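Working notes, beginning with the structure itself.
From a predicted model like this one, the values you see are computed outputs, not experimental measurements. Chain letters run A, B, ... following the sequence lines, proteins first and then strands; every chain starts at 1.
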Protein chains: 2
Amino acid sequence: MTERRLDRSGGQPLWKQLQQDLVRRLRAGEFDDVFPGELALVEDYQVSRHTVRQALTKLRADGLIVAERGRQPRVATSPEIRQPMGALYSLFSSVEASGLTQHSVVRALDIRADGVIAARLDLEASIPLLYLERLRFAGDEPLALDRVWLPASIAAPLLDADFTHTSLYNELAASTGLRLDHGREDIRAVVPTPAERTLLRCPPEAAAFSINRQGSSQNRPVEWRHTLVRGDRFALSAEFSANTGYRLTTGAVTHAGA
Amino acid sequence: MTERRLDRSGGQPLWKQLQQDLVRRLRAGEFDDVFPGELALVEDYQVSRHTVRQALTKLRADGLIVAERGRQPRVATSPEIRQPMGALYSLFSSVEASGLTQHSVVRALDIRADGVIAARLDLEASIPLLYLERLRFAGDEPLALDRVWLPASIAAPLLDADFTHTSLYNELAASTGLRLDHGREDIRAVVPTPAERTLLRCPPEAAAFSINRQGSSQNRPVEWRHTLVRGDRFALSAEFSANTGYRLTTGAVTHAGA
DNA sequence: CTAGCTTAAATGTGCGTACATTTCTGCTGA
DNA sequence: TCAGCAGAAATGTACGCACATTTAAGCTAG
């Protein structure tokens, strides 16, 4: 290993310089295969192990690396797992957690233009969009009516996908490599129209969640979604504390029967 | 200070035992005036300063204490500012942000017993509870019906409070020093009953949010709340990203008129 | 060639020291 | 009486060492 130098004039603490340099090298992909051990860093940077550990402690607190006793630290791989977050994800993951099987009936999958939606995606009105409309089931009962618009220039490969069992995000990541990293949701309480009520087989006096979502990937809007979720069977659950902030736990499933 | 002993048999690391003991004493209110310095802890627990700092580092990471150079550590006071979080807070703060004035009509404020609610607060069925029922207005229009139960042993001083303009949390903090630091919410979409509809002056075909909340302070449940919010004028807004997670931004107010 | 053991290596814990930097306290002098 | 300064005290940074505990590698024996 080449000998790396830190500024010892006292401008910034050594461990902080070391931490920042490690973050830089990590983001540059330098440690994709192996992360150097503490003693190796001691040699490279010519600082004490105490200082190295101080820097690594910070990196672990930020979730960038994981370390175990006797084993070399490794670059953390977790953060990409929890990407499709939000209220919708919370609701649908709760179905899985409750043991009910999920499947979808694709009611439409085509390419069309829609000026209103395109405007919400910051696109020209005439730009073609891939439109996917699904009726989502939890067990044998309808759960939600889900409608998604994506720019056709990105999502065209999805025209041939089978959406009866896989999720849109999985398909999107698989065929285009795209992953949502940002989004906004608007959650409203509404009374479904008679047509929607029939489609969802709602009981007469049931309300519903109307969720609008705009999803982005790397600062580019790529998804506009509207989902209507039956309110008689599903609820949003959230937990908050001074430390962890506000987190959706998992959408509660009220007893499916009756 | 009395000499405190830690288990040195190796069951748990010393710094972890120290950290846990400090958390315990902190929650017991032992450090409300001053938090002991590092050297004092070294004396008390008979461990090295390194070990003390390891424990304090964890406490700082959890936001329980704050420390500055040359100054004794102090119990953190910041997290309580943003405490009344959650969907309810989001909704009501949005009203303020929109410029509408808020006020409440107190429909009930008394002490009663309720076995069902008491059970949800982990209390005996016969324990008296302070009950507060308010109709909350945004501008001249009703916004929500809010019902709160608190253990009378804690909240009795609130019997004389004026809730037409101040918030419950402010009153609670002012007269008892109690602040919520943890909570759970369940958010449902419902159709209000005719009585509720009349009370809230809902239009005929409007849905509502039904929010149940259980609030805790220092691991003790102190609040059960049920709030019914008009769904025709208010929505929940949330934003999420890979870095910051899921955060309620501010409940959107759809144009009040019409 | 493989199972099992031994050894080496890496991180975790804990102690000690020294000095820097900042804050607070108390004293001194005008 | 008050301003300013010097010293004490506290935390921050940085170095060193020793040993415990766990993992991984290597070696030996069957």
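Taking atom CZ of A/F35 as the reference point, atom P of C/dA10 lies 14 Å away to the nearest angstrom. If you take CZ of B/R71 and C1' of D/dA10, they are 11 Å apart, rounded to a whole angstrom. Distance CD (B/Q54) to C1' (C/dG16): 15 Å, rounded to an integer number of Å. Residue A/E68 contributes atom CD, which lies 21 Å from atom P of C/dA9 at whole-angstrom precision. C/dG12 atom P lies 12 Å from atom NE2 of B/H50, rounded to whole Å. When rounded to the nearest whole Å, the span between CG of A/L41 and P of D/dC15 equals 13 Å. Between A/L6 atom CG and D/dA14 atom C1' the separation is 13 Å, expressed in whole Å. Whole-Å rounding puts the A/E43 CD to C/dA10 P distance at 11 Å.
For A/D162 (side chain) and A/T164 (main-chain N/O), a donor-acceptor pair under 3.5 Å exists by modelled atom type. In this structure a side-chain-to-backbone donor-acceptor pair under 3.5 Å is present from A/T57 to A/R53. With hydrogens and angles ignored, the 3.5 Å screen pairs a side-chain donor or acceptor of B/Q17 with a backbone N or O of B/Q12.
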List every contact pair, protein side and nucleotides 6-8 of chain D side both N or O, where the distance is under 3.5 Å.
none

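Of all nucleotides listed (D/dT13, D/dA14, C/dT11), D/dA14 comes nearest to the side chain of A/T51. Picking from D/dG12, D/dA20, D/dC15 the nucleotide with the shortest atom distance to the side chain of B/A67 gives D/dG12. Which of D/dT11, D/dC15, C/dG12 sits closest to the side chain of A/E38 comes down to C/dG12. Nearest to the side-chain atoms of A/R49 among the listed nucleotides C/dA10, D/dA18, C/dG14 stands D/dA18. The side chain of A/R53 approaches C/dT11 more closely than any other nucleotide in the set D/dC15, C/dT11, C/dG14. Nearest nucleotide to the side chain of B/R69, out of D/dA20, D/dT23, C/dT22: C/dT22.
Within 6.0 Å of CZ in B/R220 there are 12 or fewer heavy atoms belonging to other residues, nucleotides or ligands.
With the nearest nucleotide of DNA chain D identified for both B/G37 and A/P13, B/G37 has the one nearer the 5' end. The residue among A/Q72 and B/R8 whose nearest nucleotide of DNA chain C is located toward the 5' end is A/Q72.
Here the CD1 atom belonging to B/I111 is positioned 14.0 Å from the OH atom belonging to B/Y131, to the nearest 0.5 angstrom.
Residue B/R60 has a polar side-chain atom (N or O) positioned under 4.0 Å from OP1 or OP2 of D/dG12.
The closest side-chain donor-acceptor pair between A/Q102 and A/S104, if any, does not fall under 3.5 angstrom. There is a side-chain donor-acceptor pair under 3.5 Å between B/S216 and B/Q214.
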